Amino acid sequence: MRLSAYFLPTLKEIPAEAQIASHRLMLRSGMIRQSSAGIYSWLPLGLKVLRKIETIVREEQDRAGAQELLMPTIQPAELWRESGRYDAYGKEMLRIVDRHDREMLYGPTNEELITQIVRDNIRSYRDLPKILYHIQWKFRDEVRPRFGVMRGREFLMKDSYSFDIDYEGARKSYETMFTAYLKTFKRMGLTAIPMQADPGAIGGNLSHEFHILAETGESGVFYDVAYDELAARGDIDLDSLSRLYAVTDEKHDPNAANVPPPDRLKTARGIEVGHIFYFGTKYSKAMNAVVTGPDGAPVTLEMGSYGIGVSRLVGAIIESSHDDRGIIWPEAVAPFAVGIINLKSGDSRCDGVCEDVYRALSDHGLEVLYDDRDERAGVKFADMDLIGVPWQLVVGPKGVAAGIVELKNRYSGEKQELSLESALARLTA
RNA sequence: CGGGGCGUAGCUCAGCCUGGUAGAGCGCCAGCUUUGGGAGCUGGAUGCCGGAGGUUCGAAUCCUCUCGCCCCGACCA
């Protein structure tokens with residue numbers, strides 16, 4: 001992409017409404033623009049990152065055996081009356097009346113809808129187990145939206161639902177998702193810690209929240225350092241983790257049996273990016289989701305649900321990875337792999353080298369952002385740092401004369417002067 | 001949902017207290033000079049001063065109502 005043609009409205013000054021780093025940086029880097037409180041448009045740069053995160057989530061769901069479908073955003077109130085949640089949900093649910101005076105709602109979650117689909121289409125235990133998921137926009141009419149996409153009213157969520165014939169199966173589905181979540185967050189360059197959680201409004205008796213550590217996290221968290229050691233070995237599963245102490249501050253009990261000694265207890269701030277629940281027959285019973293079991297008798301389905309805040313992750317990643325110059329994207333979710341800074345657009349030698357490099361890197365399948373604008377060097381450096389492109393190739397008249405380009409790493413700040421050939425080799429390795 | 005704050009140019013904000021018909025910096029447009037970390041000079045465009053009522057000869061400014069946004073607290077992927 002040539003920056004001269006790209007729709008990238010960056011801001012030099014900090015928008016007054018933004019309080020935390022990720023919100024400021026998403027506005028400044030031209031990723032999002034607010035439409036109304038807690039509701040955002042995603043501009044090209046922001047959408048690119050959102051899609052990358054979505055893709056990782058999707059790949060790990062598919063790999064875990066979950067199957068993607070797509071349910072609507074608008075749901076009938078009737079369905080929610082079946083489960084009893086229409087009245088229970090309160091003002092957070094956005095209620096709509098259509099032209100025929102039918103009561104509808106913009107879905108805040110999809111347990112009812114998916115339960116209806118499964119109950120209407122699965123009749124035998126032989127068709128189980130199933131894990132179904134979709135990645136769809138949700139709406140929760142938060143009293144007080146804040147922090148940009150971290151707590152918006154409209155947000156993109158991946159939600160999976162498991163259906164099993166018995167508890168053992170449901171437990172296995174839960175573990176499958178648990179493991180998939182750890183892999184998903186790790187691929188994004190995040191340290192996510194599963195915390196024993198309160199199932200809350202979803203109900204049930206087994207639940208974990210996944211928090212990523214960041215100074216501006218909304219929750220205080222306490223966890224056993226043994227987690228860091230396990231994570232470093234990649235040796236993580238539900239059994240080993242469930243023995244470890246890891247809770248959010250509202251659940252922290254210094255007198256609990258498994259609290260580690262003070263020198264082993266870490267405290268930090270966390271952002272909740274995932275939440276998984278086993279809730280048994282809460283919805284299947286209320287909504288009569290029943291299949292025929294092996295002995296011919298009806299069996300009420302065992303269910304669980306598993307959410308990941310896809311749009312929130314964009315903010316969460318920035319919270320955990322930025323500096324005073326801008327965003328530092330982990331390579332797995334970076335909107336562009338390489339940025340080319342032409343320090344003297346219009347100079348035939350600089351232009352020539354940049355064009356060659358741009359083509360060579362693009363031909364290698366890399367996503368490249370080429371700053372070909374007629375701007376001063378400082379502006380280009382500042383914008384490239386702001387939007388956080390992991391690798392920056394700086395091409396200037398002095399270097400070109402000497403056959404050299406500069407390769408800068410956004411994360412470490414390290415700059416290396418290399419021949420054009422070796423710079424290309426490094427980037428395409 | 002309680003408490004507080006703010007709506008003036010694309011952005012950040014001054015002006016409001018003490019009414020007299022709209023400003024700065026940045027950005028944008030043109031020209032010249034610059035050119036390795038958000039340049040300088042000159043000239044230019046841009047505002048229903050959030051909206052509606054009211055007071056007044058006259059309202060960005062005072063009064064009433066209303067809408068929007070932000071912050072603190074209680075709730076959530």
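All figures in this text were calculated on a predicted structure; none of them were measured in a lab.
Residue-to-nucleotide proximity on RNA chain B shows that, of A:Ser36 and A:Gln392, the 5′-proximal contact is made by A:Gln392. With RNA chain B read from its 5' end, the first of the two nearest nucleotides for A:Lys344 and A:Met157 is the one closest to A:Lys344.
Aromatic stacking is marked for A:Phe155 over B:A77, as both cut-offs hold: 5.5 Å for the centres and 30° for the planes.
Of the residues A:Lys158, A:Gln61, A:Met157, A:Met71, the one that meets the side chain to side chain contact (heavy atoms under 4.5 Å, CB included) test with A:His134 is A:Met71.
Across all strands, A:Glu406 comes closer than 4.0 Å to base atoms (heavy-atom distances). Nucleic acid contact class of A:Pro15 (heavy atoms, under 4.0 Å, all strands): sugar-phosphate only. Among the heavy atoms of the strands, none lies under 4.0 Å from A:Asp159. Counting any heavy atom pair closer than 4.0 Å across all strands shown, A:Glu272 reaches sugar-phosphate atoms only and no base atom. Within the nucleic acid shown, A:Arg28 comes within 4.0 Å of at least one base atom, counting heavy atoms only.
At least one cation-pi condition fails for A:Lys138 and A:Tyr106: the charged atom is not both under 6.0 angstrom from the six-membered ring centre and inside a 45 degree cone around its axis. For the pair A:Arg153 and A:Tyr40, the cation does not sit on the ring face, since its NZ or CZ is not both under 6.0 Å from the ring centre and inside 45° of the axis.
Proximity note for A:Ala37 (side chain, C-beta onward) versus B:C69, B:G36, B:C11: the nearest is B:C69. Checking B:G36, B:G38, B:G37 against the side-chain heavy atoms of A:Lys408 singles out B:G37 as nearest. Among B:U12, B:G37, B:G38, the nucleotide with an atom closest to any side-chain atom of A:Arg325 is B:G37.
Within the structure, every side-chain polar atom (N or O) of A:Lys12 is placed at least 4.0 Å from both OP1 and OP2 of B:C11. The side chain of A:Arg376 contributes an N or O atom lying less than 4.0 Å from OP1 or OP2 of B:A39. The side chain of A:Gln34 places an N or O atom within less than 4.0 Å of a non-bridging phosphate oxygen (OP1 or OP2) of B:C70.
Taking the six-membered ring where the residue is Trp, A:Phe178 and A:His208 present perpendicular rings, their angle passing 60° and hence far from 30°. Between A:Phe336 and A:Tyr6, the ring-plane angle classifies as perpendicular under the 30° and 60° cut-offs.
On a pure distance criterion of 3.5 Å, no polar donor-acceptor pair joins the side chain of A:Arg146 and the base of B:C71. For B:G27, its base never sits under 3.5 Å from the side chain of A:Glu13 at any donor and acceptor pair.
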